[in-house]
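Here the structure comes first, spelled out in structure tokens, and everything after it is commentary.
Predicted, not measured: the structure shown is a model, and the values here were computed from it.
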Amino acid sequence: MSLIRILLADDHGILRKGLRLLLEQQPGMEVVGEAADGREAVRLAEELRPDIAIMDISMPTLNGIEATAQIVKNNPVVGIIILSMHSDEGYLVRTLTAGAKGYLLKDSAEADLILAIQAVAKGRPFFSPAIAQTLLEDFVRQLQQRGLQDSYDLLTDREKEILQLVAEGRSNKEVANILNVSVYTVETHRTNLMQKLNLHNTAEIVLYAVRKKIIS
């Protein structure tokens, strides 16, 4: 089994040291570099081409969200996992829009980090359980306040399939290959389901799927 090559980016040296110690005890994982600020993270990601980058949001010179966007633009296959103290949806939307695949709260990082790396390395998104639960509770509360039934039931079976595959981070072309349909058909269903659910971009699709526990 090939090693998962990991870049650590956090301005706190003690935290980076702790993460390195944790990861280097895991078979199949290798820390290939460390960055103390966002610009260094972008440079090292370009130089080292890691499989995974673990990124703090609050870093000097360039924050983790902007650094994520630059790294993903230069090398879309890098799986970015955000470490954050913030559990509100605003940060989640911004990081997902930037291209992150995982979002962990720092107070649960030790328990969840290995699972997150394994999931993101396989192309699947990963969120701290507390994040997923908060999103679900907020979603249910919004439905109750607006007197709405579950909008998921408005979707056709095919739209539900496409919703999950898109939320898992797959491109329209990949979805088309999995379902043995044309890219045009996928795009049409994707547009329809977004209209039915009042979603506007891929980040919102992912958040919806997490709230609904379609993905974990």
Side-chain angles (χ1 to χ4, degrees), residues 51-53 65 68-82 87-104 112 115-216:
D51 303 302
I52 300 289
I65 297 174
T68 293
Q70 292 189 24
I71 290 170
V72 171
K73 181 179 178 182
N74 294 333
N75 188 6
V77 301
V78 177
I80 308 285
I81 298 172
I82 294 290
S87 60
D88 60 277
E89 188 169 324
Y91 280 99
L92 271 168
V93 171
R94 290 172 61 198
T95 57
L96 291 171
T97 301
K101 290 291 193 297
Y103 194 102
L104 296 182
D112 297 333
L115 293 174
I117 291 171
Q118 291 170 339
V120 172
K122 295 176 182 176
R124 300 198 304 265
F126 187 95
F127 301 89
S128 287
I131 288 283
Q133 187 62 34
T134 298
L135 289 172
L136 178 63
E137 290 170 356
D138 182 61
F139 180 61
V140 171
R141 186 165 55 251
Q142 288 183 35
L143 285 177
Q144 290 173 340
Q145 288 173 349
R146 294 158 63 188
L148 298 176
Q149 298 299 314
D150 191 343
S151 53
Y152 185 68
D153 293 334
L154 297 173
L155 302 183
T156 66
D157 290 343
R158 181 63 90 190
E159 287 167 352
K160 290 175 181 177
E161 286 182 300
I162 290 173
L163 171 67
Q164 177 170 343
L165 292 170
V166 170
E168 288 175 351
R170 303 179 192 274
S171 68
N172 287 350
K173 184 177 180 181
E174 289 174 321
V175 175
N177 289 336
I178 291 170
L179 299 179
N180 196 28
V181 297
S182 70
V183 173
Y184 174 78
T185 298
V186 172
E187 291 172 347
T188 300
H189 285 306
R190 181 170 175 163
T191 299
N192 290 341
L193 73 88
M194 290 174 70
Q195 289 176 344
K196 289 179 181 180
L197 301 178
N198 193 28
L199 305 175
H200 305 95
N201 53 46
T202 302
E204 291 186 4
I205 291 175
V206 174
L207 286 176
Y208 179 88
V210 172
R211 291 188 187 106
K212 294 292 298 173
K213 296 193 174 181
I214 297 167
I215 61 174
S216 57

Review item, side-chain donor-acceptor pairs of residues 121-131, under 3.5 Å, at least two apart:
from : atom 1 : to   : atom 2 : distance (Å)
S128 : OG     : L105 : N      : 2.9
S128 : OG     : S108 : OG     : 3.1

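Separation of atoms OG1 (T68) and CZ (R94) is listed at 11.0 Å; rounding is to 0.5 Å. Note: I214 CD1 to L165 CG = 11.0 Å, rounded to the nearest 0.5 Å. Interatomic distance, CG of N192 versus CD1 of I162, reported as 9.0 Å (0.5 Å rounding). Atom-to-atom distance recorded for M194:CE and E204:CD is 7.0 Å, nearest 0.5 angstrom. The OG1 atom of T95 lies 12.0 Å from the CD1 atom of I81; values are rounded to the nearest 0.5 Å. One distance of note links CD1 of I205 with CG of L163; it measures 6.5 Å at 0.5 Å rounding.
A donor-acceptor pair is defined here as one N or O able to donate and one able to accept, closer than 3.5 Å; no such pair exists between the side chain of E159 and the backbone of L155. With hydrogens and angles ignored, the 3.5 Å screen pairs a side-chain donor or acceptor of N74 with a backbone N or O of Q70.
Shortest non-hydrogen contact noted between R170 and I178 is CD-CD1, 3.5 Å. When all heavy atoms of A100 and I82 are compared, the closest pair comes out as CB-CG1, 3.8 Å. T97 and A203 make their closest contact through OG1-CB, 3.4 Å (heavy atoms, listed as atom of the first residue, atom of the second, distance). Here the shortest heavy-atom pairing between V120 and I80 reads CG1-N, 4.5 Å. Considering every non-hydrogen atom in both V78 and I52, the closest pair reads CG1-C, 4.4 Å.
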For this session: Could you walk me through whether R158 and V181 pass the side-chain contact (heavy atoms from CB on, under 4.5 Å) test, one step at a time?
Result: CA-CA 11 Å; R158 181 63 90 190; V181 297; 4.0 Å; yes
For this session: In sequence, state the C-alpha distance, the side-chain angles, and the governing distance for V210 and L92, and then conclude on side-chain contact (heavy atoms from CB on, under 4.5 Å).
Result: CA-CA 11 Å; V210 172; L92 271 168; over 6 Å; no
Problem set entry | side-chain contact (heavy atoms from CB on, under 4.5 Å) between L96 and N201, worked out | CA-CA 10 Å; L96 291 171; N201 53 46; over 6 Å; no
For this session: Show the numbers, then the answer: is there a side-chain contact (heavy atoms from CB on, under 4.5 Å) between K196 and T156?
Result: CA-CA 10 Å; K196 289 179 181 180; T156 66; 4.1 Å; yes
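With contacts defined as side-chain heavy-atom distances shorter than 4.5 Å, the pair V206/I215 qualifies.
Taking a cutoff of 4.0 Å between a charged side-chain nitrogen and a carboxylate oxygen, E187 and R190 do not qualify as a salt bridge.
For K73, there are no salt bridge (charged side-chain N to carboxylate O under 4.0 Å, His left out) partners, not counting sequence neighbours.
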